[in-house]
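Because the structure is predicted, anything quoted here is derived from the model rather than measured. Below, each value reflects all heavy atoms present in this structure, side chains not excepted, and no hydrogens, waters or symmetry copies. Letters go in sequence order (proteins before strands), and every chain restarts at 1.
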Amino acid sequence: MMQADVDDSGVRVQLHFGGKDRVIVVSEARLEQGRRFARTVLHEPFGRRAWLELLYFVAGGLLTALAVAFLALTMVPGVGLFITFIGAVIMAASVRGARGFGRYHRALARALINEDIDEPEPFNPKPGLFGWLQSSLRDRAGWRSMAYSLLKVPLLIFGTWFALSVWLDAFFCLTFRVWGGGAPEPRGFGIFQNLFSPGYLSVGRTGFFHGLFIFITGVLFLFIAPWTMRAVVYLDRWLISLLLSPDPLTARLRSLEHARAKTVDASVATLRRIERDLHDGTQAQLVALAMRLGQAKEKLAEGGELDVEQVRRLVDDAHQGAKDAIVELRDLARGIHPPALDTGLEGALATLAARNTVPTELDVDVRERPTTAIEAIAYFCAAELLANVAQHAHASRASIRCSQHGQWLRLVVRDDGRGGAHPSAFGSSSSGLTGLNDRVRTVDGHLGITSPSGGPTVVTVDLPMHA
Amino acid sequence: MTDNIRVAIAEDSAILRDGLVQLLSDRGFEITDAVSDPEALRSSVERALPDVAVVDIRMPPTFTDEGLRTALELRRRHPRLGILLFSQYIETRYAAELLSEDAAGIGYLLKDRVADVSDFVEALVRVASGGTALDPEVVTQLLGASRRSDSLSSLSVREREVLSLMAEGRSNAAIATALVISEGAVEKHVANIFTKLDLPVSEADHRRVLAVLRFLDS
């Protein structure tokens with residue numbers, strides 16, 4: 001005796017079994033899960049993805065056959081003749097060709113199984129034949145895609161046995177009526193042939209039930225085939241991402257080259273700035289000074305009555321100009337390398353805090369000295385950030401906190417101003433927050449800004465202790 | 001001699017600009033305007049039509065050679081406007097560009113030259129009246145870089161001195177004063193130089209400069 005209720009919360013089944021009343025409750029969520037599972041399984045052989053994966057397997061197999069044939073034709077003589085020049089050329093051509101096959105493999109994966117792998121670094125040979133030879137033989141992308149083609153061979157063999165065979169089983173079982181003729185039963189392939197060898201169907205030899213059984217077996221295979229193929233394609237995806245993707249070593253090299261280029265640019269920009277400061281500041285001061293002294297000298301050399309007042313004014317101006325030039329030169333020198341840094345970051349930051357127009361609190365807790373480059377970067381960050389506070393923030397007070405966290409140095413500059421600081425708000429990349437960010441990144445450091453409109457602004461700079 | 005010479009000044013450093021204004025008005029020049037960027041110079045020249053403009057080569061906005069560009073442009077519109085370019089560096093390329101058409105009323109001096117006030121004033125007067133004033137540094141660079149060193153080596157030491165001063169744009173009288181020799185002696189040296197270097201003889205000082213520069217630059 002059984003009674004079932006169905007409502008929004010699920011199914012409730014009451015049944016009498018083994019002398020007891022039992023209640024089985026299946027929640028709606030569980031039911032939905034089951035329904036989805038059934039839908040997926042039933043739908044799969046008729047979905048796009050299963051057929052594309054099958055197509056990918058076959059097309060990838062053909063492409064691999066071509067690639068392996070090419071490699072066999074080139075690598076064998078290439079290795080054999082390697083000590084001669086021509087052998088090296090053949091081998092280099094082989095690596096270049098392997099790279100080309102890699103590109104087709106990627107295109108196939110992109111088009112059919114939606115595996116979008118970035119192209120590796122373009123081949124960029126050194127000039128000259130020997131440069132080409134050397135670059136080709138050292139082309140990591142080429143060697144890696146060669147490895148892919150070779151490793152794909154066992155994968156294809158396994159895939160044929162494990163997945164392609166199931167598709168074939170399904171096909172032959174379902175179409176047995178058409179081609180079977182006098183054959184007693186369809187041939188099994190691959191894994192199922194091995195599992196049910198020698199003949200896997202033994203329900204009678206003829207008649208309706210035999211035919212029906214073969215048909216049902218075919219349907220069963222049809223529902224299994226997409227999943228075994230998916231497993232094989234999954235292995236292939238893993239191989240692709242391992243061997244056909246951009247080389248991690250090369251990528252690291254590129255990022256380092258990029259950082260180096262930034263550093264070189266930054267140092268050129270610094271030199272430009274120093275030249276500009278000298279040109280507009282000290283040099284102009286000295287020219288004006290020489291001009292005044294020249295005038296005074298000529299006045300004194302002139303015959304006739306001397307206008308003492310005028311000469312005194314010229315000398316006064318010249319004197320003032322000389323003092324201004326000294327101050328300017330001192331500031332400039334300090335901007336190139338602050339002498340206070342020689343004694344350590346704490347002293348330099350203290351000078352900086354004391355000189356700032358906004359009252360600035362300083363708190364330094366650093367147990368060991370970072371390397372000088374890090375100290376300099378931390379110092380210039382603090383200087384730039386404090387200058388920003390003074391110029392833009394409309395703050396009434398600011399603070400610098402410098403602390404050590406393991407192998408990292410953390411600098412926090414905070415102000416109670418109006419906020420809204422943004423990397424682009426302080427001008428071009430050579431100055432301001434963007435420039436700081438570039439500078440910090442050259443040592444793999446990090447700069448973070450929180451500056452909501454209305455303040456407060458907190459800029460955090462993390463630098464490695466040793467760069 | 002400086003009376004009624006009307007000068008416009010374009011210099012972005014305030015301290016130098018003020019110094020120039022003070023120095024030149026003290027020497028009797030009339031300052032029409034003292035501005036700090038090329039745009040202001042353009043409108044000032046259009047409005048006041050000065051005799052000569054003292055122009056800094058490096059000015060805003062790019063701080064490269066906008067002074068030179070502006071000067072060349074003004075010169076095309078006002079052929080009689082004297083131009084004295086003023087710079088902290090001497091670039092031979094700039095000099096060549098400046099003198100490519102005509103050397104009349106053109107000057108190119110290092111800023112340092114203002115320290116010798118009389119020489120500077122003299123150069124400015126020369127440019128205002130259609131002469132030429134090239135910085136000795138320009139001439140030295142041209143002499144050093146000249147591919148005609150074989151011809152130059154045929155000159156005597158004194159003749160080379162005269163050649164340098166001539167290239168700077170000085171008249172025979174000025175050369176005579178500078179070298180403390182008679183004007184007649186200068187004339188003799190000049191004639192020798194023209195013969196030895198196979199230069200076309202010309203009367204006007206600024207044409208003479210151009211001939212020498214073309215020779216050195218060729």
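With a 6.0 Å radius and a threshold of 12 heavy atoms from other residues, nucleotides or ligands, His337(A) has its NE2 atom above the threshold. Within a 6.0 Å radius of CZ in Arg414(A), other residues, nucleotides and ligands contribute 12 heavy atoms or fewer. Other residues, nucleotides and ligands contribute at most 12 non-hydrogen atoms within 6.0 Å of the CZ atom of Arg272(A). A 6.0 Å sphere centred on CZ of Arg77(B) holds more than 12 heavy atoms belonging to other residues, nucleotides or ligands. The neighbour count for Arg397(A) CZ, taken as heavy atoms of other residues, nucleotides or ligands under 6.0 Å away, does not exceed 12. Counting non-hydrogen atoms of other residues, nucleotides and ligands closer than 6.0 Å to CZ of Arg158(B) gives a total above 12.
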Begin with the C-alpha distance, continue with both residues' side-chain angles, and end with the deciding distance and a verdict on ring pair (Phe, Tyr, Trp, His ring centres under 6.0 Å) for Tyr89(B) and His279(A).
-> CA-CA 10 Å; Tyr89(B) 308 97; His279(A) 177 273; 5.8 Å; yes
Test Gln88(B) against Val287(A) for side-chain contact (heavy atoms from CB on, under 4.5 Å), laying out the working first.
-> CA-CA 9 Å; Gln88(B) 267 165 3; Val287(A) 170; 4.1 Å; yes
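Using a 4.5 Å cut-off between heavy atoms, Leu286(A) does not touch chain B at all.
Minimum interatomic distance between Asp26(B) and Lys299(A) (heavy atoms only, all atoms of both residues): OD2-NZ, 2.8 Å.
Atom OG of residue Ser13(B) and atom CD of residue Gln283(A) lie 10.5 Å apart, to the nearest 0.5 angstrom.
Residues from residues 14-25 of chain B that place a non-hydrogen atom less than 4.5 Å from a non-hydrogen atom of chain A comprise Ile15(B), Leu16(B), Gly19(B), Leu20(B), Gln22(B), Leu23(B), given in numerical order.
With respect to the salt-bridge test (charged N to carboxylate O, under 4.0 angstrom), the residues Arg58(B) and Glu275(A) qualify.
Side chain of Glu298(A) to main chain of Ser118(B): a donor-acceptor pair is present (N/O by atom type, distance under 3.5 Å, no hydrogens or angles).
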